Amino acid sequence: MIKCTEGHGDENPRFERLYMCLAALKKGWRKGCRPILGLDGCFIKGYHTGQLLIAIGVDPNNQMYLVAYALVESECKNKWSWFLKHLTDDLGLNNSYGIVWITDKQKMLIDVITEQFLNSEHRFCVKHFYNNLKTEHKGLLLKQILWGAAKSTIEHGYSF
């Protein structure tokens, strides 16, 4: 899905954004991945600037699985809404029950998920959480405790 501005007079249409969810990736996520989707964005630097938005799944081998991506002008609530609407249509997430979203702590992204996916779970990425903590708490002990708690499936595993 490519979105361009309308050209006026002598002005040519201008690229605004691009969304990609390849059929093979969509089918692979539906058939083999866990109902987990991680969302993140990063800057595109160079002559053509913008943001890259991505949706990543988790495959049966606990590896990252690219589901969809978009090139947008800027990372804002409107662009995330647009991206997630297309992702919802492609993956059939209309009833988002059972889906877990993992994000960093960006307010706009939290708001979009809360508005569009009432029946899903939302969690924060431990890596982003740790990166915020490590500036104040140096050393490996915090990292080991935090990742041990994050990987634990029982309460005993994350009590200190």
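Predicted model only: the values in this text are computed from it and were never measured. In this chain, residues are counted from 1 in sequence order.
N61 places no side-chain N or O within donor-acceptor distance of the main-chain N or O of Q63, the cut-off being under 3.5 Å. At distances below 3.5 Å, not a single donor-acceptor pair connects side-chain atoms of Y65 with backbone N or O atoms of P60.
Both L22 and L18 are part of a single hydrophobic cluster, where members link through side-chain heavy atoms under 4.5 Å apart. Residues I99 and W80 fall within the same hydrophobic cluster, defined by Ile, Leu, Val, Met, Phe, Trp and Tyr side chains chained together at heavy-atom separations under 4.5 Å. At a threshold of 4.5 Å between side-chain heavy atoms, the hydrophobic network of Ile, Leu, Val, Met, Phe, Trp and Tyr places L93 and I113 in one connected group. Both L52 and L25 belong to a common hydrophobic cluster when Ile, Leu, Val, Met, Phe, Trp and Tyr are linked at side-chain heavy-atom distances under 4.5 angstrom. No chain of hydrophobic side-chain contacts below 4.5 Å, direct or via other Ile, Leu, Val, Met, Phe, Trp or Tyr residues, connects I102 to M108.
Across C33 and D59, no two heavy atoms sit closer than the pair SG-CA, 3.8 Å. A pairwise comparison of heavy atoms in F117 and L84 identifies CE1-CD1, 4.0 Å as the closest pair. Nearest heavy-atom pair, C21 versus A68, reported as atom, atom and distance to 0.1 Å: CB-CB, 3.9 Å. Of all the heavy atoms in T114 and I110, the pair that sits closest is OG1-O, 2.8 Å.
For the side chain to side chain contact (heavy atoms under 4.5 Å, CB included) with V58, the lone residue among L37, I36, V100 that qualifies is I36.
Between D40 and D104 the shortest side-chain heavy-atom distance falls below 4.5 Å. Contact annotation: the side chain of V112 never approaches that of F83 to less than 4.5 Å [non-hydrogen atoms, C-beta and beyond]. A heavy-atom distance below 4.5 Å is not found between the side chains of W101 and E121. Contact check for R17 versus K79: side-chain heavy atoms found under the 4.5 Å cut-off. Taking 4.5 Å as the limit, some side-chain heavy atom of S81 sits within range of a side-chain heavy atom of Q116. Inter-residue side-chain proximity for R34 and N62 is flagged as met; some heavy-atom pair is nearer than 4.5 Å.
The environment of CE in M64 is sparse: at most 12 heavy-atom neighbours from other residues, nucleotides or ligands sit within 6.0 Å.
Note that the NZ atom of K85 and the CG atom of D90 stand 9.5 Å from one another [nearest 0.5 Å].
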Start with the C-alpha distance between L66 and I56, add both sets of side-chain angles, then the distance that settles side-chain contact (heavy atoms from CB on, under 4.5 Å), and finish with yes or no.
-> CA-CA 5 Å; L66 177 65; I56 299 288; 3.9 Å; yes
